[in-house]
Structure formats: C-alpha cells, structure tokens
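Have a look at the structure below, then the notes.
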Amino acid sequence: VDDFVGPNNSNAKKGVYVIVGSFREKEFAVKYKNTISQRGYPKADWFYSKTRKYNYVYMFIEGDLKAGLKRIDEARVKGSKNAWIIILTE
C-alpha cells in the first residue's frame with residue numbers, strides 16, 4: 001500500500017479497486033476521473049503508483065474480490081470494456 005498514494009499524497013486504502021483507466025500524466029487521470037464522476041459515479045477517484053509511475057483511475061473500491069468482480073461487470077456494461085482489478089493489501 002505504501003507504493004500507492006491518493007490525490008492528497010496520503011497512502012491509498014487497502015481494498016479491491018476496479019480500474020477503468022491508467023495514465024502516465026496526472027492531468028489526464030484527473031480529467032478522466034472527472035468524466036467518470038459526471039457519468040454518475042461520484043466516488044470515482046485515482047491514485048498513483050510510485051514504482052510503476054502510473055496514475056490509475058478507479059470507478060469502485062470494494063472490500064473483497066467477489067464484490068469487486070461484480071463491480072467490474074457493472075463497469076464493463078457502463079462502457080469501460082477494459083476494466084480490471086488491482087488489489088491493495090498491506
């Protein structure tokens with residue numbers, strides 16, 4: 001989890017994240033996050049991987065894989081055909 005930081009530079013929370021976009025440039029991640037939020041997903045957000053040097057935009061965060069897999073189906077139906085999951089643990 002220490003490798004991943006949120007918009008306010010705090011460590012990202014543990015959980016199952018449904019990723020709908022990944023970007024090298026922070027500005028593109030923020031712009032896409034705003035687009036997803038405007039589409040009816042106000043909890044959409046992004047985080048940055050210090051190791052991979054990518055910004056990941058997520059539509060949902062869940063507490064377990066089963067719930068995450070249900071949400072990935074929803075993301076794909078809503079137009080994010082290439083949605084995938086990152087699991088952040090300790």
Side-chain angles (χ1 to χ4, degrees):
V1 176
D2 293 341
D3 179 49
F4 300 94
V5 293
N8 57 4
N9 286 327
S10 63
N11 287 349
K13 296 186 302 182
K14 291 188 291 184
V16 177
Y17 290 79
V18 177
I19 307 299
V20 293
S22 58
F23 304 89
R24 280 269 188 207
E25 300 296 326
K26 176 182 170 181
E27 67 184 276
F28 296 132
V30 171
K31 191 173 187 178
Y32 192 60
K33 175 257 180 203
N34 291 337
T35 299
I36 296 298
S37 293
Q38 290 170 358
R39 289 184 186 165
Y41 297 93
K43 292 186 179 182
D45 213 341
W46 64 274
F47 59 84
Y48 177 72
S49 168
K50 293 185 253 182
T51 303
R52 294 183 180 119
K53 297 185 179 354
Y54 264 89
N55 297 279
Y56 297 97
V57 178
Y58 61 90
M59 189 179 277
F60 306 107
I61 178 173
E62 294 294 339
D64 62 74
L65 183 58
K66 186 174 181 178
L69 291 171
K70 286 182 180 179
R71 291 293 203 166
I72 203 169
D73 289 339
E74 181 179 344
R76 289 177 175 165
V77 167
K78 296 293 184 182
S80 296
K81 303 277 186 231
N82 295 318
W84 50 284
I85 286 178
I86 287 181
I87 301 172
L88 299 186
T89 60
E90 295 179 44

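This structure is a prediction, so every number in the text was calculated from the model and none was measured.
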How close do Glu62 and Ala67 get, counting heavy atoms only, and between which atoms?
OE1-CB, 3.7 Å
Tightest non-hydrogen contact, residues Lys33 and Val57, listed as CA-CG1, 3.9 Å
So that I know where these two stand, are Phe23 and Tyr32 an aromatic pair - ring centroids less than 6.0 Å apart?
yes
What's the verdict on side chain to side chain contact (heavy atoms under 4.5 Å, CB included) for Met59 and Tyr17, showing C-alpha distance, side-chain angles and the deciding distance?
CA-CA 8 Å; Met59 189 179 277; Tyr17 290 79; over 6 Å; no
List the atom of Asp45, the atom of Pro7, and the distance in Å for their closest heavy-atom pair.
OD1-CG, 3.4 Å
Any donor-acceptor N/O pair, Ser10 side chain to Gly6 backbone, under 3.5 Å:
no
Of all the heavy-atom pairs spanning Leu65 and Val16, show the shortest one and how long it is.
N-CG2, 3.8 Å
Any idea how Phe47 and Tyr58 line up, ring-wise: parallel (<30°), tilted (30 to 60°), or perpendicular (>60°)?
tilted
Search all heavy atoms of Ile61 against all heavy atoms of Lys14 and return the closest pair with its distance.
CD1-O, 4.1 Å
Applying side chain to side chain contact (heavy atoms under 4.5 Å, CB included) to Ile85 and Leu69, what does each step give before you reach the verdict?
CA-CA 8 Å; Ile85 286 178; Leu69 291 171; 3.8 Å; yes
Within 6.0 angstrom of Asp64 CG, more than 12 heavy atoms from elsewhere
yes
Checking Ser80 side chain against Ala83 main chain: does a donor-acceptor pair fall under 3.5 Å?
no
Can you check side chain to side chain contact (heavy atoms under 4.5 Å, CB included) on Glu74 and Tyr41, steps first, answer last?
CA-CA 11 Å; Glu74 181 179 344; Tyr41 297 93; 3.5 Å; yes
Distance (rounded to the nearest 0.5 Å) between Lys78 NZ and Arg71 CZ
11.0 Å
Can a donor-acceptor pair be found, under 3.5 Å and without considering hydrogens, that links the side chain of Asn55 to the backbone of Arg24?
yes
Centroid-to-centroid, Tyr56 to Tyr48, below 6.0 Å?
no
Closest approach of Leu88 to Lys13 (non-hydrogen atoms, all atoms of both residues):
CD1-O, 3.7 Å
Output the distance between atom OG (Ser22) and atom CZ (Arg52), rounded to the nearest 0.5 Å.
10.5 Å
Verify, without hydrogens or angle tests, whether Asp3 (side chain) and Ser49 (backbone) share a donor-acceptor contact under 3.5 angstrom.
no
Please tell me if the side chains of Phe4 and Asn11 come closer than 4.5 Å, counting only heavy atoms from C-beta onward.
no
Assess the residue pair Ile36 and Arg39 against the criterion (side chain to side chain contact (heavy atoms under 4.5 Å, CB included)); give the C-alpha distance rounded to whole Å, side-chain angles, the decisive distance to 0.1 Å, and a yes or no.
CA-CA 5 Å; Ile36 296 298; Arg39 289 184 186 165; 3.9 Å; yes
